[in-house]
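So the structure is just underneath, and the comments pick up after that.
Remember, it's a predicted structure, so these values are computed and weren't measured experimentally.
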Amino acid sequence: MRVLVVEDETALASQLAAAFSEAGYAVDCAGDGARAEFLGATEQYDAVVLDLGLPAMDGLTLLRRWRETGVTVPVLVLTARGSWHEKVAGIDSGADDYMSKPFQMEEVLARLRALIRRATGQVVPALRCGAIVLDPRAARVTVNGAPVRLTSHEFRVLSYLMHHRGRLVSQGELAEHIYALDADRDSNTVEVFIGRLRKKVGAAAIATVRGLGYRMEGA
């Protein structure tokens, strides 16, 4: 899963990026509203963490522009503006959740997981597909109760497929969601990750639709 951090305080942006990366996300950062607007319109993200006090374009304006142009990515506003009317303005501008600074990183991560869960129609914290269970909170996967060790990219592929289980997902879509912007994206390597996953979680769990992509089977 891929997350965009929009924060002009370099130290805080680095802290958020490090925590999200450790939790298994691919992370991009933008330090101003104009850069964030461009990334949100041209890249595929599963969630955005957005500060409101940004240079070039403030966060509320950015949110409104995204929503007006059809960008539906879930947005968690993270800001020092904590009064109730500012929260209302943020939510009415298109935010899905709102947190005031200072904050606890664990709460940010929990809210981020919840946003992604709701956006993909999941209702329980742990994702289950037959004998496979993926716990986003612990970045842990088990098959029939036994832990399975995955690389970071294997985990991201499996997480994306399980969040979208039953739906056909192309190689290109997977590549968009497992790599950060500065990574060397190669959709052909997705096939390699799929092959490794099948060996670890069971070949029948991930179906190939020839020429179109992959589907995580629900049973």
Side-chain angles (χ1 to χ4, degrees), residues 1-6 13 16-30 36 38-49 71-76 108-109 112-122 125-129 132-143 147-203 205-209 211-217:
M1 311 297 280
R2 190 176 173 202
V3 176
L4 174 63
V5 175
V6 187
L16 289 166
F20 296 163
S21 295
E22 187 175 346
Y25 298 102
V27 185
D28 293 332
C29 293
F38 173 77
L39 290 177
T42 58
E43 299 291 329
Q44 298 296 315
Y45 294 103
D46 297 290
V48 174
V49 175
V71 177
T72 60
V73 61
V75 174
L76 168 61
V108 176
L109 288 165
L112 191 62
R113 290 191 296 268
L115 283 185
I116 294 173
R117 205 163 56 233
R118 289 197 296 269
T120 56
Q122 309 299 324
L127 307 178
R128 185 180 297 274
C129 189
I132 307 167
V133 177
L134 186 148
D135 183 356
R137 181 184 61 177
R140 184 171 182 264
V141 175
T142 60
V143 178
V148 177
R149 296 189 65 178
L150 302 179
T151 67
S152 60
H153 285 99
E154 290 167 358
F155 181 84
R156 290 172 191 166
V157 170
L158 184 63
S159 177
Y160 193 81
L161 289 175
M162 290 189 70
H163 273 90
H164 298 274
R165 64 182 182 272
R167 180 172 74 80
L168 183 65
V169 178
S170 69
Q171 280 191 2
E173 182 179 346
L174 276 172
E176 284 284 338
H177 287 268
I178 66 171
Y179 292 116
L181 190 63
D182 58 357
D184 183 16
R185 300 185 202 178
D186 183 357
S187 60
N188 292 327
T189 60
V190 170
E191 189 173 353
V192 175
F193 297 142
I194 293 291
R196 293 176 183 171
L197 281 172
R198 284 177 171 147
K199 292 178 181 178
K200 295 181 179 182
V201 303
I206 305 173
T208 297
V209 180
L212 295 176
Y214 307 99
R215 182 170 51 237
M216 196 83 188
E217 300 294 359

- Under 3.5 Å: donor-acceptor pair, side chain of Thr120, backbone of Ile116: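 Indeed, once roles are kept as given, a pair shorter than 3.5 Å links the two residues.
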- Message: With a 3.5 Å distance limit and no angle check, can you tell me whether Asp46 reaches the backbone of Met1 through a side-chain donor-acceptor pair?
- Response: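 Looks like no, no N/O pair under 3.5 Å.
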- Message: Give me each pair satisfying salt bridge (charged side-chain N to carboxylate O under 4.0 Å, His left out) with a member in residues 151-161, each pair once, sequence neighbours excluded.
- Response: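 Output for this query lists Glu154-Arg196, Glu154-Lys200.
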- Kindly assign one of parallel, tilted or perpendicular to the pair His153 and Phe193, based on the angle between their ring planes and the thresholds 30° and 60°.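 His153 and Phe193: parallel rings.
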Taking the side chain as everything from C-beta on, heavy atoms only, tell me whether [X] gets closer than 4.5 Å to [Y].
X	Y	result
Leu158	Met216	yes
Val157	Tyr214	no
Asp135	Thr142	no

Show the nearest heavy-atom pair for residues [X] and [Y], with the distance to one decimal.
X	Y	value
Ser21	Val27	OG-CG2, 3.6 Å
Tyr45	Val73	O-CG2, 3.5 Å
Ile178	Ala26	O-CB, 3.7 Å
Val71	Ala41	CG2-CA, 4.4 Å

What residues form a side chain to side chain contact (heavy atoms under 4.5 Å, CB included) with [X], not counting sequence neighbours?
X	value
Ala203	Arg198
Ala114	Arg117, Arg118
Val169	Tyr160, Leu161, His164, Arg167, Glu173, Leu174
Gln44	Glu176, His177

- If you measure from CG on Leu39 to CG on Asp28, what distance do you get to the nearest 0.5 Å?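 Output value for this atom pair is 6.5 Å.
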- Item | Spacing of Leu109 atom CG and Glu22 atom CD [to the nearest 0.5 Å] |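 Leu109 atom CG to Glu22 atom CD measures 9.0 Å (nearest 0.5 Å).
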- Item | Audit row: Ile132, Met162, side-chain contact (heavy atoms from CB on, under 4.5 Å) steps and yes/no | CA-CA 9 Å; Ile132 307 167; Met162 290 189 70; 3.9 Å; yes
- Query: Got a sec, which residues hit salt bridge (charged side-chain N to carboxylate O under 4.0 Å, His left out) with Arg140, two or more places apart in sequence or on another chain?
  - Reply: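 Arg140: no salt bridge (charged side-chain N to carboxylate O under 4.0 Å, His left out) contacts found.
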